[in-house]
Amino acid sequence: MAHEGEADNMALVIGVPREVFPGEKRVATVPEVVAKLVKQGFRVVVEQGAGEAAQIGDEGYRTAGAELVADRAALWSQADLVFKVRAPDDAEIALLREGSTLTSFIWPAQNPELMQKLAARKVSVIAMDSVPRISRAQKLDALSSMANIGGYRAVIEAAHAFGRFFTGSITAAGKVPPARVFVIGAGVAGLAAIGAASGLGAVVRANDTRPEVADQIKSMGGEFVPVDYVEEGSGVGGYAKVMSEGFQKAQREVFAREAANADIIITTALIPGKPAPKLITEAMVQSMKEGSVIVDMAAEQGGNCELTVPGQSVVRHGVTIIGYTDLPSRLAKQASTLYANNLLRLVEDLVKTKSIDGDTLRIAMDDEVLRGATVIDQGTVTWPPPPPKLSAAPPATAKPAGAVPPAPKAHGAPSGPMAGTRAAVIFGIGALLFLLIGRYAPASFLGHFTVFVLGCFVGYMVVWNVRPALHTPLMSVTNAVSSIIAIGALVQLAPDLSKISTDLARPNEWIRWLSVAAIALVAINMFGGFAVTQRMLQMFRK
């Protein structure tokens, strides 16, 4: 039974058919998500055997509250919302009930004929590959979920085809150098590949057209390889864009150099709505060492390598070129779990936006996320969506009309030559004060004061030239150093601690006892500061 307030959704049926695409092992939902959907008041109907390839048995779905059906046509005919992984084939399109909603990967830019067939069925289609890349939609981003798995699996496939260890080692039988891995593209898939290869002990280098991802590459254990050509590479929605011919020429030179030195190349470069760019030429493949491996993660869209055969692993010029198009499916259970969670968040958004009302589902097209993902609405093709709205920029500060130079300050601060004169006057006054202090102050004070001024100057210059990322550990170590200075100052203020007594009536005894307490406290601060610094610096090391 549904909880109070959820009865309105009782009649809406979510159907999960078995995937029929050759070699596809994923399933669109898992028992853990089924239980949550049932708790929200939905009926979940799953085709028998839908999860077998992902090692999920029918009993798990039944225990979670799903209804198991053997009649495939019956499932499609009663489903208001169909969950799928792969785009439907012609037989499945024929089973779609008019007015129902299909949710799966569609790739509308690459499949215009599929779009027309679906529109003719008078259905609504939510394409999980078209979810807009905005912060609010990250929980629905199935592309990122699958890319994360694909990047990891690409490294596993490369390790399987590679002839030796990823990590370097020295044994009695000889020395084994670490594998050299070059990753092209530092999106979700590329970063996952960098992290996996680095974790296996390989030396990882990576390139991306977006220079801002350099820090992300380093954080995953890789080294960023820049292209010596200045051009902005960020496209719409966080994707890369098509670069100029000048940039591409400089990029090819970098790739040629890296290919000759790399043992493994993993390519992930894709541009939305366009064939995968050809980045690895046949000449580059020929330059690679025999036994090297290329994993082309863009194979489904044509591949980044000229010699890639989509869906196959081939050997060309002694190099194994892996063009598998089902990398996420090779980790079917994990991929199904992540994809099911993405669909659960989609349902939550449909409920939140009142797209689901009782036993009817009408997508709220005024919601930016749902509008971006909906490619067909009740038989009407709505793809491509309008560009995502950008956050409003803060209003520019209004400048006084007709005022070209900056307005003078209220107190009449001078500028230009007058500013230099004023600086000279201030410097002269400061020098005069130092002269007076040196002439009339005690010798001991002058020594302490000189050390103090030099300490301020040196400390300022040191801190000013430190990278902002190291400011926090710098603060802890300077805290420790200041404790050392404090100890020295206290020793000088209480010159003879050996004569300390319990006679607190004498003023000097107060100073000595306070010095002892202060020394104990600053000692704790000093050693603690160095300990904290050491722990913080470890965070910046691999």
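The shown structure was predicted, so the numbers you read here are calculated from the model rather than taken from an experiment. Note: hydrogens, waters and symmetry copies are ignored here, and every other heavy atom, side chains too, is used.
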Side-chain donor-acceptor pairs under 3.5 Å in residues 95-103, sequence neighbours left out?
from: Arg97; atom 1: NE; to: Ser77; atom 2: O; distance (Å): 2.9
from: Arg97; atom 1: NH2; to: Ala79; atom 2: O; distance (Å): 3.0
from: Arg97; atom 1: NH2; to: Asp80; atom 2: OD1; distance (Å): 2.8
from: Ser100; atom 1: OG; to: Arg97; atom 2: O; distance (Å): 2.5

Test side chain to side chain donor-acceptor pair (under 3.5 Å) applied to [X] - qualifying residues, sequence neighbours left out:
| X | answer |
| --- | --- |
| Thr337 | none |
| Asp90 | Lys117 |
| Ser144 | Asp141 |
| Arg371 | none |

Are more than 12 heavy atoms from other residues, nucleotides or ligands located less than 6.0 Å from atom [atom1] of [X]?
| X | atom1 | result |
| --- | --- | --- |
| Phe105 | CZ | yes |
| Gln55 | CD | no |
| Tyr152 | OH | no |

Atom pairs and distances, donor-acceptor, side-chain atoms in residues 315-323, under 3.5 Å, two or more places apart:
from: His317; atom 1: NE2; to: Glu282; atom 2: OE2; distance (Å): 3.0

With [X], which residues qualify under side chain to side chain contact (heavy atoms under 4.5 Å, CB included), at least two apart?
| X | result |
| --- | --- |
| Ala87 | Ile106, Leu114 |
| Ala147 | Val188, Ala189 |
| Glu223 | Arg205 |

### Query
Taking only residues two or more places apart in sequence or in another chain, which ones pass ring-ring contact (aromatic ring centres under 6.0 Å, His included) with Phe166?
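Scan of Phe166 (ring-ring contact (aromatic ring centres under 6.0 Å, His included), adjacent residues dropped) gives none.
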### Message
Please list all pairs meeting ring-ring contact (aromatic ring centres under 6.0 Å, His included) that have one or both residues in residues 180-215, counting only residues at least two apart or in different chains.
### Response
Phe182-Phe255
### Task
Give every residue pair that meets the side-chain hydrogen bond (donor to acceptor under 3.5 Å, both in side chains) criterion with at least one member in residues 260-272, sequence neighbours excluded.
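Passing the test, one end in residues 260-272: Arg164-Asp263, Asp263-Lys289, Thr267-Asp296, Thr267-Asn304.
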